[in-house]
Amino acid sequence: MTSIALSQLINPLAAVLLLLAFAMLAQRRVLTLVHLFAAQGFALACSTAIVASATNQTHLYWSAALTLILKVGVLPRLLHRMIQRLDVRWDVEGLINIPITMLMGIVLVVFSFNLAFPIAQLASTVTRATLGIAMASVMLSFLMMITRRKAIPQVIGFLSMENGLFFAATSATYGMPMVVELGIALDVLVGMLILGVLFFQIREQFDSLDLKHLEKLKEGE
Amino acid sequence: MSAAGFLSQLLQLAIALLLAPLLLGWVNQCRAWLSNRSAPSLLLPYRMIRKLFHKDAVVAENASPVFRITPYIVFGAMTLAAAIVPSLATDLPFAHAADAIALVGLFALARVFIALAAMDIGTAFGSLGARREMFVGFLAEPALLMVLFTASLISGATSLPTIVETLAHRDIAIYPSLAFAGVAFTMISLAENARIPIDNPATHLELTMIHEAMILEYSARHLALIEWASALKLFNYSCIGLALFLPFGIAQPGADWLAILGAIPALVVKLAAGGFALALIETLSAKLRIFRAPEFLGTAFLLAVLGMLVAQLLGG
C-alpha cells in the first residue's frame, strides 16, 4: 500500500524536474543557474529513492545516494569555486531572447512526449509515464547548451543533460547496473575537473569565456 | 430550470455584486498592514462608489457614444461573468449560456470596449493606456485559454459547472498538471487585474499607468460603474481560480438550501485567504518594466502549456 502511495509521488517529482529544466533555460544569472542545477540533482535523488522503495531495488538506493553526494554536494561546490576564481558572476547573454527560447522548449517537449509515447506503451515499469519527461529534459539541456555563449552555462547544460539521461534510465529500466553508474559518476566528475582546467586556459588565451573566440583557432584565415 | 437553481443563481449574483468591493477593500487593507501603514477602512470602496454616484458626470466635448456606453457594457459583461462562474453552486441556469471559452470572450469584449473608449477622447494618456492594455491582453488571453483547456482536458468538458463538479469529486492528491495551471493562472490574474508585477493600481504617475490611464477621463456614475466593474473582475478571477483549484465547499446539484447557504462562509473564507495571498505577492514583488511583461506572461503561457502536456502524458 505504501508503495502505491509512494509511486504517486513520482509524477509530481518528474514534473518538478521538467519545470527546473525550463527554469534553467530561462535563467540569466550564473549563480542561480548553479542553485537550480543543485535543486535538479536533489529532485533526481528523491525520485530515484522513491523508485527504489516502490520497487524494492536496493541498488537504486546506492545510486540515489551517489546522486545526492555528487550532484547536490560536490559538483555545485566545484562550480561555485570556479565561478569565484574566474570572477564571472555577470548575467549570461543568450544567443536568442528568452521568450523565443521558451517557445522552442515547448516544441521540444511536445516532440519528445510524442517520441516517448510508443516506448512507454511497451514498458511495464511503474515509472513508464515519466520517460517522456526524461527525454524532454535531455532535449532542453541540449537547447540550453546551444543557446548559451559562455562556457560555464554550457557546462551546466551538459551536466543537467546527464541528469536527464539518468532519469531516463531510471524510468525506463529501473537504472543501469552499479558498475556503469559508478563509471558515469566518475566520468562526470573527471570531465568537470578537465573542463575547469580548460576554462582557465581559455581565459588565459582570450581574456574571456565567450566561446565564439574559439572560432579564431581555425586554420587558414 | 429548477426553482432552487434559479434562486441559487440570484443569490450568487447578489453576493458577487455586494462582496466585490469588499474584496478590493480587504486586499487594500492587507497591503497597508504588510507595508506597515495604517490601513484604510474596509468599506472605503463602497463609500467611493456611493460618492461617485452622487456626483454630476462630466463628459468631454468630442466624446462619441462609445465613450458613454462603455461603462454599462463593461459592467454588464462583468456581471454576466459573475453569473456564469460557479462560486456558490454548480446548478446555475445562466451557466448554460456560456462555457469557459465564451467566458474568456466576455472578458475580451469588456477589454476591447474600454480600450476603444480610452482612445475615443484622443488624449495622449488614454491611447497610451489602451495600447498597453491590448499588449498585455493579447499575451494573457492565450495563456488563460490554456489554463482552462487543462481543466477541461481533465474533466472532458468546457462548461464550467461540469469542470467544477469533476474536479471536486477527485481524491485529494498532488496533480502536477493542476499545479502548473494554478501557478500560470495566478500570474495571468495578476496581469489581467492590473496588479503589481505588471501594473500598479495605486500609482499617481500617468506614464507608468495601464488600467488607470484608460479611465482618466471618466467621472461620476461612469467612473463608479467602471470601478465597480474592475472590483467585479477581480472577484470573478478569484472565483475562477477557487473553482478550478480549490473547488471544495461549492454546493453540488440537488443540494438543499442548507448546502447553498453553507457555501457562503466557505467562499468568504477562501476569498479572504486569496486576497491576503494577493496582497502578499504584491508587497513582495516590484513592478516590472513594460517590456518585461512578455517574459512574465510568456512564462505563464509556458506553464499553462506544460500543465496541458503533463495532463496528457501523466493522465492528470
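Chain naming here is simple, since letters A, B, ... match the order of the sequence lines and numbering starts at 1 in each. Computation of the quantities below employed the complete heavy-atom set of this structure, encompassing side-chain atoms and omitting hydrogens, waters and symmetry-equivalent molecules. Model, not experiment: these values are computed from the prediction.
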Would you give the length of the straight line joining atom [atom1] of [X] to atom [atom2] of [Y], rounded to the nearest 0.5 angstrom?
X	Y	atom1	atom2	value
L306(B)	I106(A)	CG	CD1	6.0 Å
I133(A)	L309(B)	CD1	CG	9.5 Å
T299(B)	I98(A)	OG1	CD1	8.5 Å

- Task: Check F113(A) against V310(B) and note the closest heavy-atom contact, atom names and distance.
- Result: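 Minimum heavy-atom separation between F113(A) and V310(B): CE2-N, 4.2 Å.
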- For the student: nearest non-hydrogen atoms of L19(A) and F180(B), plus distance: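 Looks like CD1-CE2, 3.2 Å.
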- Query: Can you list every pair that meets ring pair (Phe, Tyr, Trp, His ring centres under 6.0 Å) and has a residue in residues 13-47 of chain A, with sequence neighbours left out?
  - Reply: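 Every ring pair (Phe, Tyr, Trp, His ring centres under 6.0 Å) pair that includes a residue of residues 13-47 of chain A, provided the two are not neighbours, is H35(A)-H80(A).
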- Item | Under 4.5 Å from any heavy atom of chain A - which part of L303(B) |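 Side chain only.
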- Please check if atom CZ in F135(B) has more than 12 non-hydrogen atoms from other residues, nucleotides or ligands closer than 6.0 Å.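 Correct, the count exceeds 12.
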- Would you indicate whether F245(B), at its atom CZ, is surrounded by more than 12 heavy atoms from other residues, nucleotides or ligands within a distance under 6.0 Å?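 Buried by this count: over 12 neighbours within 6.0 Å.
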